[in-house]
S.K.: 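Quick one: the structure is below, questions incoming.
Side chains included, hydrogens not; waters and symmetry mates left out as well; all remaining heavy atoms used.
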Amino acid sequence: MAETTSETVTMFGADWCRDCRRSKALLDRLGVEYDYVDVEAVEDGASRAQAISGRQNIPVVVLPNGTHFVEPSDAELQAELVSSGIVAATD
């Protein structure tokens, strides 16, 4: 895994990707600030995502602690956002 250090969540995705739209909607719904990298519009976006994940699949979501997810489910991503203290747990 390539180390990425950032103070915010970074999401690599593309507009045509349903999983990307779903993960992006979750981040928006939870009020998470994140940097969005469109792998088709940003020159090195796809290669950066692949360097982090070792795969060509998207979305790739990178948390500030360096943890990354490839094609995460909403439950998996939300659980890690809560565990990392990025969002508060909901009842």
Side-chain angles (χ1 to χ4, degrees):
M1 175 176 101
E3 282 301 312
T4 300
T5 55
S6 173
E7 295 300 315
T8 62
V9 172
T10 303
M11 180 181 153
F12 295 85
D15 290 340
W16 51 262
C17 170
R18 280 194 302 198
D19 287 334
C20 298
R21 290 192 305 259
R22 180 183 44 74
S23 291
K24 195 174 182 183
L26 176 67
L27 294 173
D28 290 340
R29 190 168 54 251
L30 295 174
V32 175
E33 289 189 34
Y34 61 96
D35 293 326
Y36 180 73
V37 180
D38 186 318
V39 298
E40 293 188 323
V42 175
E43 185 175 327
D44 66 344
S47 61
R48 286 171 48 204
Q50 187 172 1
I52 292 165
S53 69
R55 299 167 53 186
Q56 293 183 353
N57 305 61
I58 53 175
V60 175
V61 181
V62 185
L63 302 185
N65 65 10
T67 301
H68 75 272
F69 295 91
V70 181
E71 298 179 316
S73 69
D74 283 355
E76 177 182 34
L77 182 54
Q78 186 168 356
E80 187 60 33
L81 291 168
V82 169
S83 173
S84 298
I86 295 170
V87 297
T90 57
D91 294 327

S.K.: So how far is it from Phe69 CZ to Ser23 OG, rounded to the nearest 0.5 Å?
M.R.: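 Answer rounded to 0.5 Å: 10.5 Å.
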S.K.: Which heavy atom of Pro59 sits nearest a heavy atom of Asp19, and at what distance?
M.R.: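 Closest heavy-atom pair between Pro59 and Asp19: CD-CB, 3.6 Å.
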S.K.: Nearest 0.5 angstrom please: Met11 CE to Asp38 CG, how far?
M.R.: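 It comes to 9.5 Å.
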S.K.: Under the side-chain hydrogen bond (donor to acceptor under 3.5 Å, both in side chains) rule, what pairs show up with a residue in residues 72-81, not counting sequence neighbours?
M.R.: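 Listed by first then second residue: Arg22-Asp74, Glu80-Ser84.
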S.K.: Any donor-acceptor pair under 3.5 Å linking the side chain of Thr67 with the backbone of Leu63?
M.R.: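 Here the side-chain-to-backbone pair does not exist.
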S.K.: How many angstroms lie between atom CD of Glu40 and atom CG of Asp15, to the nearest 0.5 angstrom?
M.R.: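 Nearest 0.5 Å value for the CD-CG distance: 8.0 Å.
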S.K.: Can you name the side-chain contact (heavy atoms from CB on, under 4.5 Å) partners of Val42, sequence neighbours left out?
M.R.: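 Result, side-chain contact (heavy atoms from CB on, under 4.5 Å) vs Val42: Val37, Asp44, Arg48.
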S.K.: Enter the distance from Leu30:CG to Ile86:CD1 here, rounded to the nearest 0.5 Å.
M.R.: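 It is 10.5 Å, given to the nearest 0.5 Å.
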S.K.: So do the side chains of Pro64 and Thr8 get within less than 4.5 Å of each other, counting heavy atoms only?
M.R.: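 When only atoms from C-beta onward are counted, Thr8 and Pro64 do not touch, as no gap falls below 4.5 Å.
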S.K.: So which atom in Ala14 and which in Tyr36 form the shortest heavy-atom distance, rounded to 0.1 Å?
M.R.: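 Looking at all heavy atoms of both residues, the shortest contact is N-OH, 3.1 Å.
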S.K.: Should Asp35 and Val9 count as side-chain neighbours, where that means a heavy-atom distance under 4.5 Å?
M.R.: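 Sidechains of Val9 and Asp35: no contact.
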S.K.: Among all residues two or more places apart in sequence or in another chain, which pass the side chain to side chain donor-acceptor pair (under 3.5 Å) test with Asp28?
M.R.: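 So Asp28 forms a side chain to side chain donor-acceptor pair (under 3.5 Å) with Tyr34.
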S.K.: By side-chain contact (heavy atoms from CB on, under 4.5 Å), which residues pair with Gln50, not counting sequence neighbours?
M.R.: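 Per chain and number, Gln50 pairs via side-chain contact (heavy atoms from CB on, under 4.5 Å) with Gln56.
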S.K.: When rounded to the nearest 0.5 angstrom, what distance separates CZ in Phe12 from OG in Ser47?
M.R.: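 One finds 9.0 Å between CZ of Phe12 and OG of Ser47.
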S.K.: Kindly state each residue pair satisfying salt bridge (charged side-chain N to carboxylate O under 4.0 Å, His left out) with at least one member in residues 55-66, sequence neighbours excluded.
M.R.: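 Found Arg55-Glu71.
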